[in-house]
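The chains referred to below are lettered A, B, ... by the order of the sequence lines, with proteins before strands, and numbering in each begins at 1. For clarity, every value in this text was computed on a predicted model and none was experimentally measured.
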Protein chains: 2
Amino acid sequence: MAGQQPERKRQERGRRRMEQLADAAAEVFAETGYAKATTNAIAARAGVSPGTLYQFFTNKEAIAEALAQRYRTALQAAHDKAFDPGFATLPLAELIDRMIGPMIEVNVANPGFKALFNAADMPERLAAPTRQLHQAVVGRIAEVLAARAPGLPGESVRTTAVVATQIFGALLNTVVAAPEREREVWIAELKRALRGYLEPIIGA
Amino acid sequence: MAGQQPERKRQERGRRRMEQLADAAAEVFAETGYAKATTNAIAARAGVSPGTLYQFFTNKEAIAEALAQRYRTALQAAHDKAFDPGFATLPLAELIDRMIGPMIEVNVANPGFKALFNAADMPERLAAPTRQLHQAVVGRIAEVLAARAPGLPGESVRTTAVVATQIFGALLNTVVAAPEREREVWIAELKRALRGYLEPIIGA
DNA sequence: CGAAATTACGAGTGATCGCTCGCATTTGTC
DNA sequence: GACAAATGCGAGCGATCACTCGTAATTTCG
């Protein structure tokens, strides 16, 4: 649908600039939100002129799209680690441990991205794919739950999967926002919350 | 610091207009976020001209401030209902029931407000008081927890209170977003999650 | 009724910001 | 070195939007 532009040939220097600009944009977006962030501020943060920014990105949305690309790629990789089929037989506590690890890592490495792509002022075009990815995760969690609790009605499986991801997402924000040294405490609490919710439903 | 302007005398018609405008603003803000919402769109939604809007609100921020006022007043009332000292001796399940009821009601009645005043594009001046109110609630929950589990170290009390409110806040969004007829299901699940987290820590 | 205050209008103004364009500099290739 | 392509600059254009102002209609109150 939305066609890529021809993409002129980039030199090494150019590719570095694009990374710089994306990094700067991530900072500015995180600080002020998408709508309030100005492209001039992003260029300034990266230490280049506005014109230079537009050598590499066709418009403001394209910058956010590059970030979305980054984030989705990292998320996808984390998901693949988190949903290792070998985890199927682990006890609940350990299963939770293994699944949330990669998800926390990717969000700690990309602070603010989660909030950015859920914000109301983000163009729908950019928010939608991330939402879709999120839905897919809920689906895969539902599969795991169904496999572990065969007696649970399908509707409950879905509900439980949604709630578990909501709990995870909420505490993930706390974990990411916390200073490095407190992080382990919050992660432990996150696991406790998930166990407390899931154990009565699907057993240990 | 920020002084109120003299506030000219309002007639009945004027007070109705202000309500209309605030209602319209709540809708527009919810749809597009604070930064992207235009004052002309708000005026149009309320069925008046831009000039009329500025008869009643000095600027865009003042409109959001009126909404913040509304929301905080309603929240305060809900909190007072939720923290009835008579609840102190109730069993956990019932305590949760009584406490979350008013909080859910106020947020169902004001959909979008919670997200609006947590958004990154909202001026700090307007977001801060709501955050403060939120912190106060965490404090009061900590008191309740400490009273029910005297053996729990103070640090754990605080952590538990924070996590409980995070869980509540996350699922509150789901409850509010859900269509009327599904709401009870999600509320039940919210209670289950809170019980599952809290019971192992402070008992039933 | 008549005067004063309040409410209402909507085209217009000034500032902001996304983005462009002409031109200079650097890099890669022969 | 010579040429082309890529990178870099920053003043400024055009559009958008918060907000104003002159004026007109409505309400209040004696």
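The phosphate of D/dG10 has neither OP1 nor OP2 within less than 4.0 Å of any side-chain N or O from A/Ser49. For B/Arg17 and C/dA8, the shortest distance from a side-chain N or O to OP1 or OP2 is below 4.0 Å. Within the 4.0 Å cut-off from OP1 or OP2 of D/dC9, at least one side-chain nitrogen or oxygen of A/Thr52 is found. Taking only side-chain nitrogens and oxygens, B/Arg10 comes nearer than 4.0 Å to OP1 or OP2 of C/dT7. Put simply, A/Thr39 has a side-chain N or O that comes within less than 4.0 Å of OP1 or OP2 on C/dG18.
At whole-Å resolution of the value, CZ in B/Phe57 and C1' in C/dA8 are 15 Å apart. As rounded to whole Å, 22 Å separates atom P of C/dC23 from atom OH of A/Tyr54. Residue B/Arg15 contributes atom CZ, which lies 12 Å from atom P of C/dT6 at whole-angstrom precision. Remark: P of C/dG18 and NZ of A/Lys36 are 13 Å apart, rounded to the nearest angstrom. Counting to the nearest Å, the P atom of D/dA15 and the CG atom of A/Asn59 are 17 Å from each other. Residue B/Leu53 contributes atom CG, which lies 16 Å from atom P of D/dC21 at whole-angstrom precision. Atom CZ of B/Arg16 and atom P of C/dA8 are 9 Å apart (whole Å). In this structure, B/Gln55 places its CD atom 16 Å from P of D/dT23, rounding to the nearest Å.
Taking 4.0 Å as the cut-off between side-chain N and carboxylate O, B/Arg17 and B/Glu12 do not count as a salt-bridged pair.
Counting any heavy atom pair closer than 4.0 Å across all strands shown, A/Ala37 reaches sugar-phosphate atoms only and no base atom. Within 4.0 Å of A/Ala43, counting heavy atoms only, lies no atom of the nucleic acid at all.
Taking the nucleotide of DNA chain C with the nearest heavy atom to each of B/Lys9 and B/Gly51, the more 5' of the two is matched to B/Lys9. Where B/Arg13 and B/Pro50 each meet DNA chain D at their nearest nucleotide, the meeting point lying more 5' is that of B/Pro50. Of the two residues near DNA chain C, B/Asn40 and B/Glu12, the one whose nearest nucleotide lies more 5' is B/Glu12.
You'll find the side chain of A/Ile141 reaches within 4.5 Å of the side chain of A/Thr165, heavy atoms only. A/Ile42 places a side-chain heavy atom less than 4.5 Å from the side chain of A/Phe29.
The base of D/dA6 has none of its N or O atoms less than 3.5 Å from a complementary donor or acceptor on the side chain of A/Gln11.
In the model, A/Glu189 has no side-chain atom that pairs as donor or acceptor with a side-chain atom of B/Thr159 under 3.5 Å.
Results of the salt bridge (Lys or Arg N to Asp or Glu O under 4.0 Å) test with A/Asp23 over A/Arg70, A/Arg16, A/Arg45 single out A/Arg70 as the only residue that passes.
For B/Thr38, the listed nucleotide lying nearest its side chain is D/dC17; candidates were D/dC17, D/dC19, C/dC9.
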